[in-house]
Amino acid sequence: MAGVVIVGLAIAVGIVGVVLPVLPGALLVWAAIVVWAIAVGSTTGWAALVAATLLIGGGQLVKYLVPGRRLRDAGVPRQSIVAGLVAAAVGFFVIPVVGFPLGVYVEERRRLAGHVSAWRSTREALRAMGLSIVIELSATVLAAGAWLAAVLS
């Protein structure tokens, strides 16, 4: 019973980590379910692990494909996205959350030479980032639900 509570707490922390990207949330949820499935060793446990793997793995793929396409359709070039990701990596240690939009804005301001156009691209990048979080959160919560259903069965 204590093991299930610990796994449940790890899953809850992982879900929070998806929304507040301090921890690799989806990976933590998946790892907790792996540990639980190995400890339980039942068919239900392995089925929950397969479901969680498909959900989280699929969510990881979709969270990059869908927002990336949306950014391309909005005309935000790859170099601006890369600048945002680099700034996000630096910003993670300096000023969390601000790095990505600031990097996109600075690169778009340089590229487009205007605040209005740069801000439009930055807003699209923020929407794409939000969509990415919603996709990952949905997949992770569904995986947690598969685990919970297996525990309760």
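- Hydrophobic clustering (side-chain heavy atoms under 4.5 Å, transitive across Ile, Leu, Val, Met, Phe, Trp, Tyr) groups Leu152 together with Val141.
- Counting only residues at least two apart or in different chains, side-chain hydrogen bond (donor to acceptor under 3.5 Å, both in side chains) contacts with residues 5-28 are absent.
- Arg127 meets the salt bridge (Lys or Arg N to Asp or Glu O under 4.0 Å) test with Glu124; sequence neighbours excluded.
- Listed by chain and number, the residues in a salt bridge (Lys or Arg N to Asp or Glu O under 4.0 Å) with Arg111 are Glu108 (sequence neighbours excluded).
- One hydrophobic cluster, built from ILVMFWY side chains closer than 4.5 Å, cannot hold both Leu148 and Val35; they sit in different ones.
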Item to check | Steps toward side-chain contact (heavy atoms from CB on, under 4.5 Å) verdict (Arg109, Trp119) | outcome: CA-CA 8 Å; Arg109 180 77 188 243; Trp119 181 240; over 6 Å; no
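- In terms of the salt bridge (Lys or Arg N to Asp or Glu O under 4.0 Å) criterion, Arg72 has no residue partners (sequence neighbours excluded).
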Would you give me the side-chain donor-acceptor pairs under 3.5 Å for residues 44-60, sequence neighbours excluded?
from, atom 1, to, atom 2, distance (Å)
Thr53, OG1, Trp30, NE1, 2.7
Thr53, OG1, Leu49, O, 2.8
Gln60, NE2, Glu136, OE2, 3.2

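- Contacts of Arg123 classified as side chain to side chain donor-acceptor pair (under 3.5 Å), with partners at least two apart in sequence or in another chain: none.
- Its side chain outside the 4.5 Å cluster rule for every partner, Val134 clusters with none of the Ile, Leu, Val, Met, Phe, Trp and Tyr residues.
- Between Ile33 and Ala143, the shortest heavy-atom contact is CD1-O, 3.8 Å.
- Note that CG of Leu137 is 11.0 Å distant from OG of Ser132, once rounded to the nearest 0.5 Å.
- Of all non-hydrogen atoms in Thr122 and Pro101, the two that sit nearest each other are CG2-O, 3.6 Å.
- Note on residues 1-24: no pairs pass side-chain hydrogen bond (donor to acceptor under 3.5 Å, both in side chains), not counting sequence neighbours.
- Among pairs with a residue in residues 139-153, none fulfils side-chain hydrogen bond (donor to acceptor under 3.5 Å, both in side chains), at least two apart in sequence or across chains.
- Leu142 and Val29 fall into different hydrophobic clusters, defined by Ile, Leu, Val, Met, Phe, Trp and Tyr side-chain heavy atoms under 4.5 Å apart, directly or through other members.
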Donor-acceptor contacts under 3.5 Å from residues 4-18 side chains, at least two apart:
none

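- Grouping Ile, Leu, Val, Met, Phe, Trp and Tyr residues whose side-chain heavy atoms lie under 4.5 Å apart, directly or via other members, places Leu131 in a hydrophobic cluster with Val62, Val66, Ile135.
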